[in-house]
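As the structure is a prediction and not an experimental result, all values here were calculated from the model. Convention: sequence-line order gives letters A, B, ...; per-chain numbering from 1.
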Protein chains: 2
Amino acid sequence: MVTQGLISTREDILERAIPLFARLGFHGVSMRDIAAEVEMQAAALYHHFADKEALYLAAMAYAFKDKSVVLTQAIAIPGTPLERLNRFVETLAEGMGRDPDFLALLQRERIDGNETRLKLLAEEVFAEPFDALLTLAKEIAPAHDSHMVAISICALVMYHMETAPMRRFLPGWHTTLDQPKFIAKHAMALLAQLFVDGDQK
Amino acid sequence: MVTQGLISTREDILERAIPLFARLGFHGVSMRDIAAEVEMQAAALYHHFADKEALYLAAMAYAFKDKSVVLTQAIAIPGTPLERLNRFVETLAEGMGRDPDFLALLQRERIDGNETRLKLLAEEVFAEPFDALLTLAKEIAPAHDSHMVAISICALVMYHMETAPMRRFLPGWHTTLDQPKFIAKHAMALLAQLFVDGDQK
DNA sequence: ATGAACTTAACGAACGCTCATTAAACATCG
DNA sequence: CGATGTTTAATGAGCGTTCGTTAAGTTCAT
C-alpha cells in the first residue's frame, strides 16, 4: 500500500519515530523500536532510509519543517514594537507548549549535534525569525548588543519551558507557573519594563 | 593498591567517566569505553559499581557535588541587593564557563532524568542557592512572582551558555558574546535596568 | 511480468554482565 | 619475625542478548 489517506509510509515512519527520538534520544531508540511503532519489520525501514542516521536526520528535518514560519509571521504583523514583541513571545511559548517533542528534540540537537547539524539547524530553521527579532531588538533596545538582546528574549521564554520538569521541585513553584500563557505574560512584563523604562533615560 | 596520591580507583573511574557521559550521554557510552579510559578491563568496573546505572548515578553525584556551595556563598556575601545579584550572576556564568562537562550533564539530566532524579537534583544541588535567590528576588522585585524572577535571572545567564554552540551560526554573533564575563555583564545590564527603574513606579 | 513494499532469516559486532582465577595487600597469631 | 589465612582489585574468557544491517524470498497492484 502506497498511501493511507494523504500520508506516505515514509512520513508515517518519521512521524512515529519523532516522539521516540524526542523522549529517548538517538542511542536510546533502536531500529526495531521504530519498526514496532510503525507495525512493520525492522528490515523494511531500510527500504525507505539508507541507515539509522539517515532516518534520524530525516526525522529531524521533518520535525523542524515549517516551525520557523509561524514565528516569522508573528513578528511581521504590523503594530508597535512592543505589540510585535508580545506576539513573538506568545507564539514562541504557545508553540513550545503545544509541541513537547519539538522542545525535546531541539535541546537534544543542541547537545548532540555536530557543527554541520548545528549550522543547518541555525540557518534553515532559526535564521529567518531570528533576523526579524534582531531588527526588532535594534528598534527596541538600541543601547545593547542586538544578538544578546534577541537571545535574552528567547531565554525568558525557553528556559522556563525547558526547566519546567525540574522547577516543580524548586521552592516557590505552583502549577500556574508552567502554563505557556503565564510564562509569556511574565516575560513580557519584564521586557516591557526593561525597554520602555530603561532605554529612554 | 588502594590509593594513588589522594584519589581512589573509584574516584578515578568517576572522574574519567564524567566527560564521556557529558559528551555522549548514558546510552552513548559503553562500560568498555569507560574501562578503556581508566585503562582497565570492563569487568573490573563491576568491582566498584553494581551496574552501569549505579556508575552513572555515582558519576552524577560526583559531578554535582559541592557545585551549589559556591553559588550560595556568592549570594550570601553582604552588600546591596544589586551587588549580591551581580556576584551571583558572575559566579554562575564563570562557573559554567569553567566546567562545560557540568553544563552538559545538567542539560542531559533535565531531558533524560526521571522524576526521582530530577527531584534529587533540584533538592540536593539547587534548593539552597535557589532559596537565597528567591529571597533576593523578593527584595529586588516584589511586584513579580519570585519563582519566575529567580528562574529568569538564571535564564539570562544559562541560556546564553547553553546555546553558545548554535548561536555561532546565528546573525549578529561574534566571539566576544560567548565569554562568561560578557554574558554576566549583559545579564546584569538588563536586570539592573529592570529592577532599579521598574519596581519603583 | 515487473517493480515496489514488505517479510523472514540471519550475519557479525557490540552490548551489559558473570564467572573462575590470580596476584598483591592486609590481618592474625604462634 | 615470619607463616597463615583473608580480603581486595583486577584479569581474561565468555555468557546471553541486542544492535545495525544485509540477503533472499514473498506479496501484490499496475
Salt bridge (Lys or Arg N to Asp or Glu O under 4.0 Å) evaluation trace for B:Arg117 with B:Glu109: CA-CA 8 Å; B:Arg117 261 157 58 192; B:Glu109 273 295 281; 2.7 Å; yes

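Ring centers of B:Phe130 and B:His147: under 6.0 Å apart, within the cut-off.
Rounded to a whole Å, the CZ atom of B:Phe49 is 13 Å from the P atom of C:dC17. Residue A:His47 contributes atom NE2, which lies 20 Å from atom P of D:dG20 at whole-angstrom precision. Distance CG (B:Asp12) to P (D:dA9): 13 Å, rounded to an integer number of Å. If you take CE of A:Met40 and C1' of C:dA5, they are 8 Å apart, rounded to a whole angstrom.
Contacts classified as salt bridge (Lys or Arg N to Asp or Glu O under 4.0 Å) and involving residues 131-140 of chain A (residues at least two apart or in different chains) are given here: A:Arg84-A:Glu139.
For the atom pair B:Met40 CE and B:Thr9 OG1, the distance stands at 5.5 Å (nearest 0.5 Å).
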If you restrict it to nitrogen or oxygen atoms, what contacts under 3.5 Å exist between nucleotides 12-16 of chain C and the protein, and what is each distance?
unit_1	atom_1	unit_2	atom_2	d
C:dC15	OP1	B:Ser30	OG	3.4
C:dG16	OP1	B:Lys52	NZ	2.9
C:dG16	OP2	B:Met31	N	3.0
C:dG16	N7	B:Arg32	NH1	3.0
C:dG16	O6	B:Arg32	NH2	3.2

Between protein and nucleotides 28-30 of chain D, what N or O pairs are separated by less than 3.5 Å?
none

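For A:Ala43, counting side-chain heavy atoms from C-beta on, the closest listed nucleotide (C:dC6, C:dT7, D:dT11) is C:dT7. Counting only heavy atoms from C-beta on, A:Gln41 has its side chain closest to C:dT8 among D:dA13, D:dA10, C:dT8.
Ring-plane geometry between A:Phe102 and A:Phe126 is classed as tilted, the angle between the planes lying from 30 to 60 degrees on a 0 to 90 degree scale.
Shown here is A:Lys67, whose NZ atom has more than 12 heavy atoms of other residues, nucleotides or ligands within 6.0 Å. Around CD of A:Glu128, the count of heavy atoms belonging to other residues, nucleotides or ligands within 6.0 Å does not exceed 12.
Checking the phosphate oxygens (OP1, OP2) of C:dA5, no side-chain nitrogen or oxygen of A:Thr9 falls inside 4.0 Å.
Side-chain atoms of A:Glu83 come within 3.5 Å of backbone atoms of A:Thr80 as a donor-acceptor pair (strictly under, hydrogens ignored).
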